[in-house]
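Data block below; observations after.
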Amino acid sequence: MATEQPKKSMLYTRTGDKGQSSLYNGERRIKTDRIFEALGAVDELNSAIGIAHHYCKKSANGLDEQLIEIQCNLQDIGSNIATPRNDASETQLRNTAFDDGHIEKLEGWIDTLDSKLPPLRNFILPSGGESSIFLHQARSICRRAERTTIPVVEANDADESVLKYLNRLSDYLFAAARSAAKHEELEENVYKKAKSGREASIQTRTL
């Protein structure tokens with residue numbers, strides 16, 4: 001008896017097999033274009049925050065809902081980046097605009113978190129438990145996403161608000177990482193510069 005073949009999945013289109021892909025405005029560009037570099041970095045950042053969210057929710061540190069909102073904002077940032085601002089219709093520009101209000105909300109979260117943490121006097125190494133470490137990793141990826149987005153904004157292919165949000169997001173992720181460590185009463189590693197004739201060392205500190 002012949003086995004019925006499944007219907008073709010919508011997950012693949014074969015249209016990118018030659019190394020090009022489409023933007024929201026229908027324009028096709030090579031996948032190494034600056035726009036796709038930025039989109040890839042933002043996508044990677046979103047995945048990293050997804051991992052951090054898992055551990056934050058598991059530890060009940062109160063950051064999980066904020067991280068979900070941030071992930072949604074990153075999806076919107078992707079839409080903005082994928083729609084060149086100087087070559088899109090008014091409808092496309094309106095549908096993919098990224099509001100400055102998201103930046104202000106992020107700043108409010110940073111202020112709240114930082115007000116409950118001891119002041120910084122040294123560099124902090126990624127540490128402080130699973131939630132904290134994965135938030136630090138997301139912060140590092142966020143910096144790269146910001147760097148890859150700079151030439152996109154400079155070329156007027158994305159709104160400046162996108163760049164501002166990514167810049168502020170790395171600050172949020174740093175404060176969130178320290179907050180996560182404090183919630184779990186775990187130690188963070190403080191960097192100590194090596195002195196002459198001695199190796200570099202770390203100092204642990206419970207938040």
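Within the 4.5 Å cutoff, side-chain heavy atoms of Arg29 are placed close to those of Ile35. Side-chain contact between Tyr172 and Asp114 is absent, with no heavy atoms from C-beta onward closer than 4.5 Å. For the pair Phe36 and Ser21, the minimum side-chain heavy-atom distance is below 4.5 Å. Side-chain atoms of Arg178 and Leu120, non-hydrogen and from C-beta on, do get closer than 4.5 Å to each other. Residues Asp171 and Arg168 meet the side-chain proximity criterion, which asks for heavy atoms closer than 4.5 Å.
Partners of Lys105 according to the side chain to side chain donor-acceptor pair (under 3.5 Å) rule, which considers only residues two or more places apart in sequence or in another chain, are Glu69. Applying the side chain to side chain donor-acceptor pair (under 3.5 Å) rule to Glu130 yields no partners; only residues at least two apart in sequence or on another chain are considered. Considering only residues two or more places apart in sequence or on other chains, Glu44 meets the side chain to side chain donor-acceptor pair (under 3.5 Å) condition with Arg144.
Residues Leu67 and Tyr165 share a hydrophobic cluster, clusters being chains of Ile/Leu/Val/Met/Phe/Trp/Tyr side chains in contact below 4.5 Å. One hydrophobic cluster, built from ILVMFWY side chains closer than 4.5 Å, cannot hold both Val153 and Ile77; they sit in different ones. Ile110 and Leu74 fall within the same hydrophobic cluster, defined by Ile, Leu, Val, Met, Phe, Trp and Tyr side-chain heavy atoms under 4.5 Å apart, directly or through other members. Placement of Leu63 and Ile133 in two distinct hydrophobic clusters is found when ILVMFWY residues are connected by side-chain heavy-atom separations under 4.5 Å, directly or transitively.
The backbone N or O of Asp87 lies less than 3.5 Å from a partner atom in the side chain of Asn25, making a donor-acceptor pair.
The environment of Lys31 atom NZ is dense: over 12 non-hydrogen atoms of other residues, nucleotides or ligands sit within 6.0 angstrom. Atom CD of Gln20 has more than 12 neighbouring heavy atoms from other residues, nucleotides or ligands inside a 6.0 Å radius. Within a 6.0 Å radius of CD in Glu65, other residues, nucleotides and ligands contribute 12 heavy atoms or fewer.
Classification of Lys58 and Asp64 as a salt-bridged pair fails, no side-chain N sitting under 4.0 Å from a carboxylate O. We find that Glu146 and Arg143 are joined by a salt bridge, their nearest charged nitrogen and carboxylate oxygen being less than 4.0 Å apart. Between Lys164 and Asp159 there is no salt bridge, since no side-chain N of the basic residue sits under 4.0 Å from a carboxylate O of the acidic one.
Rounding to the nearest 0.5 angstrom, the gap separating the SG atom in Cys142 from the CG atom in Asn46 is 11.0 Å. Of the inter-residue distances, the one linking Leu45 atom CG with Leu169 atom CG reads 6.0 Å to the nearest 0.5 angstrom.
By the 30° and 60° cut-offs, the orientation of the rings of Phe134 relative to Tyr55 is parallel.
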